[in-house]
Amino acid sequence: MNADTGTVPNEKEIERLRKVVKALQADENLSLKDIANESGIPPGTLSPWLDNTYGGNNANVALRVQGWLDTRERSQLLQSTVPNVPDFRMTETSKRIIDAMEMAHLVGDIIVVGMGPGLGKTSSITQYEATRPLVFVATMTPATRGVNTMLSTLCKAVGETDNKGTPALLSDRVIARVRDKRALIVIDEAQHLSEQAFEQIRAIHDTTGVGIAMLGNEDLYSMLDGTGRKSSFSQLTSRIGCRIRQSSATERDLEIIASAWDVEDEIVLAFIKKIGAYPGALRGVTKTLRLANFLSPDDEMSLQTLRAAWSRVGSGVAGGA
């Protein structure tokens, strides 16, 4: 029976499905809640259906169970064929970002990093957080622009479970978590913050001496240290110990990423460098290489395959490649 056909299962098929689900529970140590979450079937329906005590329409439940099993099988098949993205690679750009964060961490300074899209900013933060102690990462969004919402997000990042209250209370909780510790607070996507939120971060730094790394897009750099800089940021900008601005990937960045995918052909490498010059840079290159490997998993990477992949990944990029 296949759920896509909509064929109503008979009692024999329903009982077979019950056995399949129970075997899956045992083999993969799945709880009833796990299956309910994956399948969308409420536990109150699933449990009696499995025990053959369900008073409703057992055939309808069986169709939903079969649909879940079919989707699960297709998902596992796809995951087994799509190549994994290589582990983190220390590109030139990542090293610049990580070195700046380490400086802020060790000496308790403030740094600002403004990056173009797809240059590995977030993966560099993840790598630093995974390999250093006392690193607290808070990612901002338009919804966390204000002082209160920023502090609430920061409370969660530093491990403070109580993230409700006035700005003064929230600030005190953050300060208590990082005071007298050689810690680093990383504010990712900091371009979303308001002037007052930036000033609050400065106040936390002044009170505790904790390292602060503010990372975001190039707008962040312009806001704090470029032509769009406001005089109201003068107290904050005077405390910045390191500034990095970068719009595009370096040639060496692209060579390192290509090497991670075992690309050796110089013509293919040249095309990868061309892709890397477009907005999205390393992210676009990685997506293209992954799709190219999926399209031709058993063959050496060819320019034709790479072009085919880029035509799908980069179709929304002005000018193509």
Side-chain angles (χ1 to χ4, degrees), residues 73-102 113-132 137 139 186 188-189 215-221 244-321:
E73 182 179 359
R74 287 194 291 266
S75 176
Q76 290 174 342
L77 178 62
L78 181 61
Q79 289 175 16
S80 68
T81 56
V82 174
N84 293 323
V85 174
D87 293 336
F88 175 80
R89 291 295 191 274
M90 184 67 78
T91 63
E92 280 187 339
T93 299
S94 288
K95 189 174 188 310
R96 290 186 73 198
I97 296 170
I98 287 174
D99 284 350
M101 288 193 290
E102 188 160 48
V113 177
M115 287 276 156
L119 296 185
K121 169 181 63 66
T122 300
S123 62
S124 298
I125 292 171
T126 301
Q127 177 69 11
Y128 190 83
E129 181 185 20
T131 55
R132 307 297 196 284
V137 179
T139 302
V186 179
D188 193 16
E189 303 297 344
L215 297 93
N217 61 19
E218 291 182 279
D219 289 342
L220 172 67
Y221 190 96
I244 295 177
R245 183 179 191 175
Q246 186 172 323
S247 300
S248 57
T250 70
E251 186 169 310
R252 183 59 185 148
D253 286 344
L254 295 163
E255 289 171 352
I256 291 170
I257 296 301
S259 176
W261 287 92
D262 297 324
V263 172
E264 297 179 354
D265 187 288
E266 290 297 325
I267 296 176
V268 173
L269 179 58
F271 189 75
I272 288 172
K273 291 179 179 179
K274 190 175 180 181
I275 295 172
Y278 284 90
L282 304 182
R283 185 184 302 128
V285 167
T286 297
K287 287 181 178 294
T288 303
L289 287 166
R290 185 179 188 184
L291 180 57
N293 272 271
F294 175 69
L295 294 174
S296 187
D298 299 322
D299 300 328
E300 185 177 343
M301 181 76 64
S302 69
L303 180 60
Q304 182 179 1
T305 303
L306 197 63
R307 283 186 181 277
W310 173 245
S311 70
R312 303 183 192 186
V313 173
S315 60
V317 177

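- Using modelled atom types, one finds no donor on one side chain facing an acceptor on the other under 3.5 Å when comparing S123 with T126.
- Atom OG1 of T286 sits about 10.5 Å away from atom CD1 of I275, to the nearest 0.5 Å.
- Among residues two or more places apart in sequence or in another chain, the side chain to side chain donor-acceptor pair (under 3.5 Å) test is passed with R283 by none.
- Scanning all heavy atoms of the two residues, the minimum distance from T122 to D188 falls at OG1-OD2, 3.5 Å.
- To the nearest 0.5 Å, atom CZ of residue R96 and atom OG1 of residue T250 are 9.5 Å apart.
- A donor-acceptor pair under 3.5 Å is absent between the side-chain atoms of N217 and the main chain of M115, judged by distance alone.
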Discussion item. One pair to check against side chain to side chain contact (heavy atoms under 4.5 Å, CB included): V285 and K274. What are the steps and the verdict?
Written reply: CA-CA 9 Å; V285 167; K274 190 175 180 181; over 6 Å; no
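- Put simply, CD1 on I257 and OG1 on T91 are 6.0 Å apart, with the number rounded to the nearest 0.5 Å.
- Here the straight-line distance linking atom CD of E266 with atom CG of L303 works out to 13.0 Å at 0.5 Å rounding.
- Side chains of S247 and E218: a donor-acceptor N/O pair is present below 3.5 angstrom, by distance only.
- Annotation for A281 and G118: closest pair CB-O, 3.6 Å, computed over non-hydrogen atoms.
- Using modelled atom types, one finds no donor on one side chain facing an acceptor on the other under 3.5 Å when comparing T139 with E189.
- Using a 4.5 Å heavy-atom cutoff, the side chains of M90 and I98 are in contact.
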Practice prompt. Could you give me the CA-CA distance, side-chain angles and deciding distance for W261 and R290, then say whether side chain to side chain contact (heavy atoms under 4.5 Å, CB included) is met?
Written response: CA-CA 9 Å; W261 287 92; R290 185 179 188 184; 3.8 Å; yes
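- E264 is linked by a salt bridge (Lys or Arg N to Asp or Glu O under 4.0 Å) to nothing, counting only residues two or more places apart in sequence or in another chain.
- For N293 (side chain) and L289 (main-chain N/O), a donor-acceptor pair under 3.5 Å exists by modelled atom type.
- Taking all atoms of both residues into account, the shortest heavy-atom contact from A309 to L291 is O-CD2, 3.7 Å.
- Of all the heavy atoms in L269 and A258, the pair that sits closest is CD1-CB, 3.6 Å.
- Remark: E255 engages R252 in a salt bridge, criterion side-chain N to carboxylate O under 4.0 Å.
- Between the CE atom of M101 and the CZ atom of R132 there is a distance of 8.0 Å, given to the nearest 0.5 Å.
- A donor-acceptor pair under 3.5 Å is formed between the side chain of T131 and the backbone N or O of Q127.
- Here L119 contributes atom CG and L282 contributes atom CG; the two are 6.0 Å apart, rounded to the nearest 0.5 Å.
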